[in-house]
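Working notes, beginning with the structure itself.
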2 protein chains.
Amino acid sequence: MLDESYREFAEHGYHQASINRIVGRLDIAKGSLFQYFGSKEGLFAHLFQRAVDEIKAPLRAIRDGQTGEPFPQRLKRVFAASSAFALAHPFLWGIYRRMLTQEDFPLRATLLSQVRAETLTFFRELIELGQNQDSVRADLDPATAAFVIEATLDRALTAQLSPVLDAGLGLASDPQTRQARLDALAEALCLGFSVCPTVHPAPSTAKGDANA
Amino acid sequence: MLDESYREFAEHGYHQASINRIVGRLDIAKGSLFQYFGSKEGLFAHLFQRAVDEIKAPLRAIRDGQTGEPFPQRLKRVFAASSAFALAHPFLWGIYRRMLTQEDFPLRATLLSQVRAETLTFFRELIELGQNQDSVRADLDPATAAFVIEATLDRALTAQLSPVLDAGLGLASDPQTRQARLDALAEALCLGFSVCPTVHPAPSTAKGDANA
DNA sequence: CATAGGAATGACCACCCGGTCACTTGTCCG
DNA sequence: CGGACAAGTGACCGGGTGGTCATTCCTATG
């Protein structure tokens, strides 16, 4: 029952989701569903809370494991894990994405600010940890950098589930390509965050005045 | 008539938009509207095409003006101009944002891929131009960087119109703060793109092995 | 077995939707 | 003025919506 409702909301958003379709697929009476959840909004609220609880564990696992690694490696791991999570829970991800843009999504303000605050804090802590390890430059504002990272990751996850948005980058294609593209994004971000000289050979001319 | 329909779609998205409300506000008969546009989808397609045409001019003006400036300045100008445009056309921006996440938005694939391709090309060209000027490091992949920039800008524009998403960054508050935050975002991006030594003094300790 | 009480049911409600079309109205020309 | 023809109208249609509630069914207990 929860699974089927979850799928309906994720596939159609809130307003386009149909209680009739849900009970039709489940082959139960409409009255039963309303007896449990009271209203469409009640059903949705219940589902969302469950989903939020479900997403917390993997996020924490990423943050608390392998704390010794330098920042770029950790960021890549975060990107990879998030990508895997979004692919494994496309419906949940779809709901979240919809809520971001749909002003009249019920409970939007409450639910969103809760999730967003947690996400940005997660990245800010990751960055500050990197700064303490000297793998992130100290003059970088953690909040600003967290914003950029979150925006990039969000777009990447959206792109990998929606070929229209991929725009030739390859996130929506096979796993190997996706992995490579995600790593490239993480690296491009790290370029700006790292204490200056990046490991890459910088193959072209040496026009820059102080490279390596 | 067009203005009122535009507003309706932007405020409610496609499916939640109501023809009845539009004709009600305009105080005209429903039949008239259908005589002109044939269907709801026809009306929307017409509106969208008009909006796309409208957006092209300012974008081109940004790209083709001040070509001599170094990349970071140009990027800041692009951010500022885009921010102003989104604030001036919140409805249009709302439609675009909705279309990004709503799978069943009619004509989504056609319209979106058209817009996205143009946007990403715009940024790629901006970066390549920066590389030719030596104000962007040569080993940066233009497509990847364009992706990151576009993602960040998109999130920033969303945040400035939706306080819930601002997450304490200050994009949704007064113009001065917003301007400063946009500049900070652009700078954070440029850190990674610039040929290495950034102008900023890097105030803290000199633990990094080769800073400045 | 009888029965009490909660759980399940689905016909039904009022409402709203996009879309139609027979009809009225307005306009312009001979 | 009269007629032709386009423009404008709004009652109406079939269908879908979230939600209700009198009724039936099931089960658990005495």
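No hydrogens, no waters, no symmetry mates; every other heavy atom, side chains included, goes into these values. Throughout, protein chains are lettered first and strands after them, A, B, ... in sequence-line order, and every chain is numbered starting at 1.
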Residues forming a side-chain contact (heavy atoms from CB on, under 4.5 Å) with [X], sequence neighbours excluded:
| X | answer |
| --- | --- |
| A:Leu161 | A:Leu87, A:Pro90, A:Trp93 |
| B:Phe34 | B:Ile19, B:Lys30 |
| A:Pro106 | A:Tyr14, A:Glu41 |
| B:Glu128 | B:Arg124, B:Gln131, B:Pro142 |

- Starting at the 5' end of DNA chain D and moving along, which residue's nearest nucleotide shows up first, B:Gly31 or A:Lys40?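 Result: B:Gly31.
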- When you measure from every atom of DNA chain C, which of residues 7-29 of chain B have a heavy atom less than 4.0 Å away?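 Output list: B:Ala17, B:Ser18, B:Ile19, B:Asn20.
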- Are any of A:Lys30's side-chain N or O atoms less than 4.0 Å away from OP1 or OP2 of C:dG10? no
- Item | Test ring-ring contact (aromatic ring centres under 6.0 Å, His included) applied to B:His12 - qualifying residues, sequence neighbours left out |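 Partners of B:His12 by the ring-ring contact (aromatic ring centres under 6.0 Å, His included) criterion come out as none, since no residue qualifies.
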- Query: Who are the ring-ring contact (aromatic ring centres under 6.0 Å, His included) partners of B:His46, not counting sequence neighbours?
  - Reply: B:Phe37
Contact list (N/O, under 3.5 angstrom) for nucleotides 22-24 of chain C vs protein:
none

- Task: Walking along DNA chain D from 5' to 3', note the first and the last nucleotide with an atom under 4.0 Å from a heavy atom of chain B, and give both.
- Result: D:dG8 to D:dG10
- Pairs flagged by salt bridge (Lys or Arg N to Asp or Glu O under 4.0 Å) wherever residues 7-19 of chain A is involved - sequence neighbours left out: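 The answer is A:Glu4-A:Arg7, A:Arg7-A:Glu11, A:Glu8-A:Arg21, A:Glu8-A:Arg25.
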- Quick one: salt bridge (Lys or Arg N to Asp or Glu O under 4.0 Å) pairs with a partner in residues 78-87 of chain B, sequence neighbours left out? none
- Task: Give one of base, sugar-phosphate or nothing for B:Phe37, where a contact means two heavy atoms less than 4.0 Å apart.
- Result: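 Contact class for B:Phe37: none.
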- Whole-Å distance between C:dC21 P and B:Leu33 CG? 17 Å
Please output the side-chain donor-acceptor pairs of residues 71-78 of chain B that fall under 3.5 Å, not counting sequence neighbours, one pair per line with the distance.
| unit_1 | atom_1 | unit_2 | atom_2 | d |
| --- | --- | --- | --- | --- |
| B:Arg74 | NH2 | B:Arg63 | O | 2.7 |
| B:Arg74 | NH2 | B:Gly65 | O | 3.2 |
| B:Lys76 | NZ | B:Glu187 | OE2 | 2.8 |
| B:Arg77 | NE | B:Glu69 | OE1 | 3.2 |

- Do the ring centers of B:Phe147 and B:Phe123 come within less than 6.0 Å of each other?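 No.
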